[in-house]
S.K.: 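Would you mind keeping the following structure in view while I ask a few things?
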Amino acid sequence: MASAAQWLEGARPRTLPNAVAPILVGTGAAASLGGAVWWKALLSLVVSLALIVGVNYANDYSDGIRGTDDERVGPLRLVGSGVASPAAVRGAAVASLSVAAVVGLVLVFTTAWWLLLVGLACLAGAWFYTGGRKPYGYSGFGEIAVFVFFGLVAVLGTEFVQAERVDWAGLVGAVAVGCFSSAVLVTNNLRDIPTDAVTGKTTLAVRLGDTRTRTLHLALLVVPFVASAALVARTPWALAGLLAVPLAVRSNAPVRGGEQGPGLIPSLRDTGLAMLLWSILTALALGLG
């Protein structure tokens, strides 16, 4: 039976910035419209955290029963390592996604009914990333899904439930966060190219190959800082986002340095931290603006 520490590691806490960052930026965008609502921001954060934990457990379950995680360089996989049964991990995934659904319903009932359709799409996206007969994560669409769900949907959804409208600043922030989130997944999949190629998991990194995947990581990291410059049209404080550049450069260093396997784990961590720092600074800037 897995210990509490192993369950925590199985939840992949290093991915949590992907859940926190869009809520920060979406709330900042809502504040710039004079529409920030603290309790809706908090509920949005709960939904986002529950979704990403649910995704991580669902991936652990689905990859584990397929044998994809039998040889893995990264963090502990509960099913693949045998420390937890597939049924237990599946139950944890369902429980986490259920929390997201229940809390999300509160936002639906207090904002707009059609958000229910968005929520259902998010739940389906979470499960079928590696679940089902034809998981889209095995076909190279993972980065696109992360960009959409943890970028566009999460940021603009957070802005909408508070301000009840979205604007161009929210969209720019959503694109930036989506690129950061995609960069995190690109780093993860770059690390796993050798094992994924063998097990039939055709991620975008497997399709692009090592060299082009490293170039993609850099390109994705550049976009948020272009977004900071664009957001100056809303507030000059947006340039504060550029303070995250050194951390982004550090996150890309192992990638451009040709590191493989465990050598890319610092990049995975630092990409998430760069996203979190940029989001904090940008949210504050939009709020001040």
Side-chain angles (χ1 to χ4, degrees), residues 15-38 40-49 51-52 107 111-112 115 118 121-122 125 143-186 217-248 251 271-289:
T15 64
L16 296 185
N18 294 62
V20 176
I23 308 307
L24 290 171
V25 175
T27 299
S32 74
L33 297 175
V37 181
W38 71 268
K40 285 191 172 184
L42 183 59
L43 291 183
S44 297
L45 179 60
V46 172
V47 171
S48 189
L49 288 170
L51 272 174
I52 202 163
L107 293 172
T111 309
L115 289 174
V118 177
C122 290
E143 284 79 1
I144 295 174
V146 165
F147 178 84
V148 171
F149 290 117
F150 286 100
L152 301 183
V153 172
V155 174
L156 295 177
T158 300
E159 182 182 20
F160 183 81
V161 298
Q162 295 180 67
E164 298 195 3
R165 64 188 179 102
V166 297
D167 70 336
W168 71 267
L171 179 59
V172 170
V175 169
V177 173
C179 285
F180 264 131
S181 290
S182 295
V184 172
L185 184 57
V186 165
H217 184 264
L218 177 60
L220 290 170
L221 288 179
V222 168
V223 172
F225 301 106
V226 174
S228 292
L231 287 171
V232 169
R234 171 61 54 86
T235 171
W237 290 106
L239 290 178
L242 298 179
L243 293 175
V245 167
L247 190 51
S251 74
T271 302
L273 291 176
M275 170 172 56
L276 189 58
L277 178 59
W278 183 90
S279 298
I280 291 171
L281 294 170
T282 301
L284 289 172
L286 290 172
L288 290 172

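Heavy atoms only: backbone and side chains are in, while hydrogens, waters and symmetry mates are out.
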S.K.: Measure the shortest side-chain to side-chain distance between Asn18 and Val177 over non-hydrogen atoms and say whether it is less than 4.5 angstrom.
M.R.: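 No, too far: nothing below the 4.5 Å cut-off.
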S.K.: Filter on side chain to side chain donor-acceptor pair (under 3.5 Å), then keep only pairs touching residues 19-38, sequence neighbours left out; what's left?
M.R.: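 For residues 19-38: Thr27-Gln162, Ser32-Arg234.
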S.K.: Return the minimal non-hydrogen interatomic distance between Thr271 and Ala183, and the atom names on each side.
M.R.: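 Minimum heavy-atom contact is CG2-CB, 3.8 Å.
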S.K.: How long is the gap from CZ on Arg165 to CG on Leu156, to the nearest 0.5 Å?
M.R.: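 Reported value, rounded in 0.5 Å steps: 13.0 Å.
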S.K.: Determine the minimum heavy-atom distance between Ala29 and Leu286, stating which atoms define it.
M.R.: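 Ala29 and Leu286 have their closest heavy atoms at N-CD1, 3.8 Å.
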S.K.: If you look only at pairs with a residue in residues 17-35, which of them pass as a salt bridge (charged side-chain N to carboxylate O under 4.0 Å, His left out), with sequence neighbours excluded?
M.R.: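 Qualifying pairs: none.
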S.K.: Indicate the atoms forming the closest heavy-atom contact of Leu221 with Ala248, along with that distance.
M.R.: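 The pair with the smallest heavy-atom distance is CD1-O, 3.7 Å.
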S.K.: Can you measure from SG (Cys179) to NE2 (His217) and round to the nearest 0.5 angstrom?
M.R.: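 Result: 11.5 Å between the selected atoms.
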S.K.: Evaluate the side-chain proximity of Leu24 to Leu276: yes if any heavy-atom separation is below 4.5 Å, no if none is.
M.R.: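 Contact flag for Leu276/Leu24 side chains = yes.
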S.K.: Between Leu152 and Leu171, does a side-chain contact (heavy atoms from CB on, under 4.5 Å) hold up when you go through it step by step?
M.R.: CA-CA 7 Å; Leu152 301 183; Leu171 179 59; 4.2 Å; yes
S.K.: Within a strict 4.5 Å, meaning less than it, do heavy atoms of the Val146 and Glu143 side chains meet?
M.R.: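 No - every pair of side-chain heavy atoms lies 4.5 Å or more apart.
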S.K.: Check whether any side-chain heavy atom of Leu231 sits under 4.5 Å from a side-chain heavy atom of Trp168, and report yes or no.
M.R.: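 Sidechains of Trp168 and Leu231: in contact.
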S.K.: Any side-chain heavy-atom pair from Leu16 and Ile52 closer than 4.5 angstrom?
M.R.: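 Yes. Closest side-chain heavy atoms under 4.5 Å.
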S.K.: With rounding to the nearest 0.5 angstrom, report the CZ to CG distance, Phe149 to Leu51.
M.R.: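 Spacing of CZ (Phe149) from CG (Leu51) equals 9.5 Å.
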S.K.: Locate the shortest heavy-atom distance separating Gly272 from Pro17; write the atom from each residue and the value.
M.R.: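 Closest pair (atom of Gly272, atom of Pro17, distance): O-CB, 3.5 Å.
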S.K.: For a 4.5 angstrom cut-off between non-hydrogen side-chain atoms, does Phe225 reach Trp278?
M.R.: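 Counting from C-beta outward, Phe225 and Trp278 do come under 4.5 Å.
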S.K.: Would you check if the side chain of Ser48 reaches a backbone N or O of Leu45 as a donor-acceptor pair within less than 3.5 Å?
M.R.: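 Side chain of Ser48 to backbone of Leu45, a donor-acceptor pair under 3.5 Å: no, none is there.
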S.K.: Over all heavy atoms of both residues, which pair between Gly178 and Phe147 is shortest? Give the atoms and the distance, please.
M.R.: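 Here Gly178 and Phe147 meet closest at C-CD1, 3.4 Å.
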S.K.: If you compare all heavy atoms of Leu243 against all heavy atoms of Leu277, which two are closest, and at what distance to 0.1 Å?
M.R.: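 Where Leu243 meets Leu277 most closely, the heavy atoms are O-CD2, 4.2 Å.
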S.K.: Could you tell me which residues satisfy side-chain hydrogen bond (donor to acceptor under 3.5 Å, both in side chains) with Thr158, sequence neighbours excluded, listed by chain and number?
M.R.: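 Listed in chain order: nothing, the list is empty.
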S.K.: Apply side-chain contact (heavy atoms from CB on, under 4.5 Å) to residues Trp237 and Leu284 and explain how you reach the verdict.
M.R.: CA-CA 8 Å; Trp237 290 106; Leu284 289 172; over 6 Å; no
S.K.: Does some side-chain heavy atom of Leu107 sit less than 4.5 Å from a side-chain heavy atom of Ser44?
M.R.: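 Ser44 reaches Leu107 side chain to side chain.
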